[in-house]
Amino acid sequence: MTHIWHPKRSHKRLDCQPFPHCIIRNFIQSDSFTENLQRELLDLNFHEKSNDLYKFNQSDDLKKRKEPHITGLRAALFGLFRSWLGEVLGVELEPTVDVSCAKYQYTDVLLCHDDELEGRRVAFILYLVPPWESSDGGTLDLFSTDDHFQPHSVVKSLVPSWNTLVLFEVSPVSFHQVAEVLSEDKCRLSLSGWFHGPSLERPPRHIEPPFPRSPHLPRDETLLLEWLNPLYLDVDYQSQVQQEFEDSSEIQLKNFLKEEKFKEVSEALRSTDVQWTKQGPPNRRCYEVASLESFPQCVSACWELLCSEAFFLLLSNFTGLRLHYLSPGDEDEEEEKDQEDEEEREATGSSGDTPSANKNYKGITPVCVGELRRWAHGGYTLLHDGDASRAEYALDLLLPLSCPDWQTEFGGFTSYVANEEDEELLMVYPEENSLALVYRDKETLKFVKHINHRSSTLPIGDSCRRAVYDFSFVYYE
């Protein structure tokens, strides 16, 4: 297979920053072979792949394909080339064949990850693309890492080019991404896979500290009367909402805030000096969060509404969850618990009384954690290895702002999935002044889908939308 690749005839460029990688241009020696390989690949059946991490089209595994040029390249990669690579690395690489073909087209993307999986030692990508510029997107971006071995920022971007092979060592710091393809008429076609061998030692995984949780603020129903659409304060309507919520564990309450209040908050976020901080690391999230101290007055008031005792009770009425000691159904449970406590005291001879605060809350106080987020093109959140172990029963609240005419093809929706399964259980799309409530159990995870380039071209008046906002809260019983 020397007409495909030969170690002495190819130009190789090695670099160790930000992690070891190699670029081999004109990898296949024969132009006609390369062109025929491209034709065979384009004739394959491709399947759309989409989840929190990526969106692109992929072929089936190519290890059993019989097309002559696919077969020839496979034999060269996992024969002569694998032997040479093993000698260079000083390790014995396994004969395992692990290769597929990917097509990235407009808005397709593969977000930040490290490729680590048991047995993977070296990743490879062979590009079969038309003339390509960095402005077309689709670059292979390499990340630097911080002291916790977490990705920090892109420090090198490799532009795809025809018949170029890129290799990199799979390690705890090999964080990379395929940037979103921005060209509407080019296809980023590539072959990719891994050479297998002994994995590099991995340091202990960094565990992020949890977000601090807070009990409700002592604010009464005056806030509700001031801010909310009167429809949602009607007791009979609250019962209807609760019935619907209990049937499906989710609901969207349209026109939730009074129109004038909603407009006031939306305008304040766009026109004031709110301080925003980018959130990372990029293998987990990419969006901005507002500093509480920089909130304008009306935004602070809206925040207090969502944290208030009156609102906790309202959420209890909407959902039937125990988010307040006056929540429906708690009285019977409290009497039953009091009876059990009395029987226990009689059995143990204890005469101590239960503190009144613990009586009201049955020993626990409902809490919440919240963020005011700003989203723009490129924003997302990702599922992470540790998410499932930290999952809890919780009520999610989303209140979007400044997102009129948002379209599903933009991304930016919150997707709920069952742990270790690909099927989406629910998608919540940004909708102006529509309060979304979703109850999730320990087996349900969520992510925000990558906001793609289409979102940045939607006009509003004489300008283009650059950002949308939302209040995001989680309430715990």
Sequence neighbours left out, cut at 3.5 Å: what donor-acceptor pairs do the side chains of residues 412-419 make with other protein atoms?
from	atom 1	to	atom 2	distance (Å)
S415	OG	E424	OE2	2.6
Y416	OH	D396	OD2	2.7

Side-chain polar contacts of residues 129-139 - donor-acceptor pairs under 3.5 angstrom, sequence neighbours left out - could you list them?
from	atom 1	to	atom 2	distance (Å)
W132	NE1	G137	O	2.8
D136	OD2	E133	N	2.9
D136	OD2	K186	NZ	2.7
T139	OG1	D141	OD1	2.8

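Screening F312, Y476, Y325, Y475 for a ring pair (Phe, Tyr, Trp, His ring centres under 6.0 Å) involving H216 leaves a single residue, F312.
By the side-chain hydrogen bond (donor to acceptor under 3.5 Å, both in side chains) test, E264 is found to be paired with no residue, residues two or more places apart in sequence or in another chain being considered. Every salt bridge (Lys or Arg N to Asp or Glu O under 4.0 Å) that R202 has, sequence neighbours left out, goes to D114, E116. Listed by chain and residue number, nothing satisfies the salt bridge (Lys or Arg N to Asp or Glu O under 4.0 Å) test with R120 (two or more places apart in sequence, or in another chain). Applying the salt bridge (Lys or Arg N to Asp or Glu O under 4.0 Å) test to K442 and every residue at least two apart in sequence or in another chain returns nothing. Every residue two or more places apart in sequence or in another chain that forms a side-chain hydrogen bond (donor to acceptor under 3.5 Å, both in side chains) with T444 is listed here: D441.
No side-chain donor from either of K446 and T381 sits under 3.5 Å from a side-chain acceptor of the other. Remark: the D247 side chain and the Q243 side chain contain an N/O donor-acceptor pair separated by less than 3.5 Å.
Among residues at least two apart or in separate chains, salt bridge (charged side-chain N to carboxylate O under 4.0 Å, His left out) pairs with a member in residues 275-292 are E208-R284, E208-R285, E288-R374. Each side chain to side chain donor-acceptor pair (under 3.5 Å) pair with one or both residues in residues 99-108, not counting sequence neighbours, appears once here: K55-T107, K55-D108, Q58-S100, Y106-H453, T107-R454. For the salt bridge (charged side-chain N to carboxylate O under 4.0 Å, His left out) condition, the pairs that include at least one residue of residues 290-306, sequence neighbours left out, are R219-E304. Sequence neighbours left out, the pairs with a member in residues 283-309 that pass ring pair (Phe, Tyr, Trp, His ring centres under 6.0 Å) are Y287-W375, F295-W303, W303-F473. Judged as a ring pair (Phe, Tyr, Trp, His ring centres under 6.0 Å), the pairs with a partner in residues 245-273 (not counting sequence neighbours) are, in order, Y232-F256.
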